[in-house]
Student: 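The structure's right below; bear with me while I get my questions together.
All chains are named by letter (A, B, ...) in the order of the sequence lines, taking the proteins before the strands, and each is independently numbered beginning at 1.
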2 protein chains.
Amino acid sequence: MFSQSEENYLKAIYQLSSITKDGVSTNDIAKKLETKASSVSDMIKRLSEKKLIEYKKYYGVRLTKEGEHIACSVVRKHRLWEVFLVDKLNFSWDEVHDVAEQLEHIKSPKLIEELDAFLGFPKKDPHGDPIPDKHGNYHVVEKTLLSNLHPGEKGICIGVKDSSSDFLKYLDRQAVKLGDEIAVMAKEDYDDSIHIKIDKRELNISKKIASNLYIQTP
Amino acid sequence: MFSQSEENYLKAIYQLSSITKDGVSTNDIAKKLETKASSVSDMIKRLSEKKLIEYKKYYGVRLTKEGEHIACSVVRKHRLWEVFLVDKLNFSWDEVHDVAEQLEHIKSPKLIEELDAFLGFPKKDPHGDPIPDKHGNYHVVEKTLLSNLHPGEKGICIGVKDSSSDFLKYLDRQAVKLGDEIAVMAKEDYDDSIHIKIDKRELNISKKIASNLYIQTP
DNA sequence: ATAAATTTTTAGACTTGTCTAATTTTTAAA
DNA sequence: TTTAAAAATTAGACAAGTCTAAAAATTTAT
């Protein structure tokens with residue numbers, strides 16, 4: 001069995017790996033986990049001895065098959081718990097993260113399979129991220145950032161890149177939800193803000209907002 | 001905030017306190033937590049510094065108001081999670097303990113209040129133990145052990161004293177459930193076994209079994 | 001190609017929580 | 001009441017995980 005700390009490192013490496021084909025650097029892990037590079041170095045040694053990652057000093061790390069399996073199952077648990085909190089316990093999507101960070105470490109295969117069934121085998125978490133099934137498989141949907149769309153183009157909002165509470169609350173205030181159709185009306189060269197039409201309303205949003213909304217591409 | 005280990009000690013002291021009016025001894029705690037007396041001594045010092053228990057060397061410990069509050073909330077969480085597992089996730093009453101031991105340490109006031117509501121504010125866990133409400137209040141039902149009943153007496157089975165998996169599985173095999181009416185037909189002096197009538201069936205059970213079943217007294 | 005900047009690792013310290021072995025205190029027994 | 005047994009505590013060690021500060025390796029820039 002693995003400690004919560006080990007699981008957190010594996011999850012961080014798993015998520016950082018998905019955005020680069022190179023190994024993951026010590027510093028990147030440290031930043032992601034808000035810890036010191038020296039602590040990461042120590043943990044890398046431990047995980048390496050346990051054959052959960054591959055590691056050569058001064059080079060990045062990669063997950064082994066087993067490391068990836070564990071990381072993926074932690075992600076699965078995290079996202080299933082998020083669905084539970086939102087669907088069953090009236091949490092809003094900006095409140096779930098910290099609790100799911102705790103719940104993802106509960107050890108019980110039966111618990112997670114039953115929870116999955118209880119929730120109706122959801123495919124996405126409240127932020128639009130895919131939930132791996134028990135074998136680690138998940139469906140990748142073609143998507144792009146709203147900031148990449150040109151005036152006249154449109155699509156369905158299917159996820160958020162940043163799932164910080166502040167960003168999600170902003171979306172709530174603007175009544176922007178997953179599943180909404182968003183059409184880009186115009187782009188403002190001066191500040192890169194864009195004018196969109198969403199759900200019959202028109203709205204002006206900044207470049208930063210547009211860079212954190214995923215749009216399904218047909 | 002308190003560590004899982006600290007919470008476990010407080011819970012153990014809380015539960016041991018309920019069966020004696022004296023302070024709780026180091027050895028009793030060690031036995032309950034399956035650890036060494038020296039470890040208990042160490043932890044007692046820490047909890048005492050944090051004002052969660054009162055402690056005088058070589059005498060038993062008692063919870064302070066705050067210590068009791070924490071312990072009670074851990075018990076509340078444990079029992080609510082047990083109800084969740086049985087009512088919603090198809091766990092049987094002999095499978096819930098270990099998972100609830102983990103879940104009871106999740107920190108989120110909203111989580112536990114919403115869970116309580118989601119479950120319909122249950123008053124008892126699957127083993128018949130009372131669930132404290134958010135203020136720490138719970139209803140104590142007058143009860144006695146089945147082994148204390150005399151031939152001719154009867155009552156409703158409302159709880160188990162031992163909630164080990166082995167005992168609960170035995171009850172399942174004999175189809176003895178909480179809520180069943182049990183009447184004592186006869187007692188056997190030779191081995192203290194008793195003959196009972198339950199749910200139209202007649203059954204012979206040992207002294208040990210009868211000493212672990214709670215019966216509601218009118 | 002060498003120096004400067006950055007990244008990574010190591011050395012050593014600290015905390016939490018545990019253990020064994022030895023000692024002290026309390027309790028029970030003769 | 002002195003002794004033996006039981007219970008509790010202390011001393012010292014260890015493992016996990018973290019940190020700071022310093023050293024080593026690598027990368028970048030001139």
Student: Please give, in whole Å, the distance from C:dT8 P to A:Tyr55 OH?
Tutor: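 That distance rounds to 11 Å.
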Student: Grab the NZ-P distance between A:Lys45 and D:dA15 for me, whole Å please.
Tutor: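 The answer, rounded to whole Å, is 15 Å.
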Student: Please lay out, stage by stage, how B:Phe118 and B:Val83 fare under the test side-chain contact (heavy atoms from CB on, under 4.5 Å).
Tutor: CA-CA 11 Å; B:Phe118 180 63; B:Val83 173; over 6 Å; no
Student: In whole angstroms, how far is the C1' atom of D:dT18 from the CD1 atom of A:Ile29?
Tutor: 16 Å
Student: Using whole Å, what does the distance between atom P of nucleotide D:dG17 and atom CD of A:Glu7 come to?
Tutor: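 My rounded result for the distance is 11 Å.
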Student: Is the shortest side-chain N to carboxylate O distance from B:Glu188 to B:Lys207 below 4.0 Å?
Tutor: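 The answer is no: the pair does not qualify as a salt bridge.
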Student: Please check if any side-chain donor atom of A:Ser92 sits under 3.5 Å from a side-chain acceptor atom of A:Asp94, or the reverse.
Tutor: yes
Student: Determine the contact category for B:Ser41: base if any of its heavy atoms lies under 4.0 Å from a base atom, sugar-phosphate if only primed atoms, P, OP1 or OP2 are that close, otherwise nothing.
Tutor: base
Student: Please state how far atom OH in A:Tyr59 lies from atom C1' in C:dT6, giving the value in whole angstrom units.
Tutor: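 From A:Tyr59 OH to C:dT6 C1': 15 Å.
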Student: Under 4.0 Å between a side-chain N/O of A:Asn27 and OP1 or OP2 of C:dT8, yes or no?
Tutor: yes
Student: For D:dT26 and A:Lys57 - does any side-chain N or O of the residue sit under 4.0 Å from the phosphate oxygens OP1/OP2?
Tutor: no
Student: Atom CE of A:Met1 to atom C1' of D:dA15: distance rounded to whole Å?
Tutor: 19 Å
Student: Is the count of non-hydrogen atoms from other residues, nucleotides or ligands lying under 6.0 Å from A:Lys161 atom NZ greater than 12?
Tutor: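 For A:Lys161, atom NZ is not crowded (no more than 12 foreign heavy atoms under 6.0 Å).
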Student: For a quick check under 3.5 Å, do A:Ser193 and A:Asp191 share a side-chain donor-acceptor pair by atom type?
Tutor: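 Yes, because at least one side-chain N or O of A:Ser193 sits under 3.5 Å from a partner of the opposite role on A:Asp191.
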Student: Taking atom types as modelled and ignoring hydrogens, do the side chains of B:Asp162 and B:Ser164 form a donor-acceptor contact shorter than 3.5 angstrom?
Tutor: yes
Student: Scan nucleotides 17-24 of chain C nucleotide by nucleotide, 5' to 3', and note B when protein non-hydrogen atoms come under 4.0 Å of the base, S if they reach only the sugar-phosphate, - if neither.
Tutor: BBBBB--B
